[in-house]
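Remarks on the structure that follows.
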Amino acid sequence: MLTEFDQNTIANMTAALDFVCKKIPADKDSDELRKQIADGLILCARNGSRSLADLKAAGLLVLSSYLRSRHRHGKLLANIAGTFEYLLRRKVS
């Protein structure tokens, strides 16, 4: 799955995941949340936003959405995908 990304992107994704996971409140930390953050980073990179800053922002978006919402994985990622598309359109314009 991650073979589609170059070494620089994988390094940025790893650093972003580490950065965001350090922001998780101890009482909210779970494998499920960490997986959702990682899935958000993959989605972000697949949409062409591969800089460390973009990936950190994407990871923090997943975390804040998770902490504010009772939505679970599928619906949360659908909302995040829509947000990424909106941000990418603004970035290109």
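Since we're looking at a predicted model, the values are computed, not measured. Only this structure's heavy atoms are used, side chains among them; waters, hydrogens and symmetry mates stay out.
Rounded to the nearest 0.5 Å, atoms NZ (K28) and CG (L63) are 11.0 Å apart. Taking CD of E32 as the reference point, atom CG of D39 lies at 10.5 Å (rounded to 0.5 Å). Taking NZ of K56 as the start and SG of C44 as the end, the distance is 13.5 Å to the nearest 0.5 Å. Summarising the geometry, atom OG belonging to S49 is positioned 11.5 Å from atom CG belonging to L41; distances are rounded to the nearest 0.5 Å. Summarising the geometry, atom CG belonging to L60 is positioned 11.0 Å from atom CG belonging to L55; distances are rounded to the nearest 0.5 Å.
Under the 4.5 Å side-chain heavy-atom criterion for ILVMFWY residues, a single connected hydrophobic cluster contains both I42 and L33.
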Show me the donor-acceptor pairs, under 3.5 Å and distance only, between side chains in residues 7-24 and residues at least two apart or in other chains.
residue	atom	partner	partner atom	Å
T9	OG1	D6	OD1	2.8
N12	ND2	R50	O	3.0
T14	OG1	I10	O	2.9

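At least one side-chain heavy atom of S64 sits under 4.5 Å from a side-chain heavy atom of R68.
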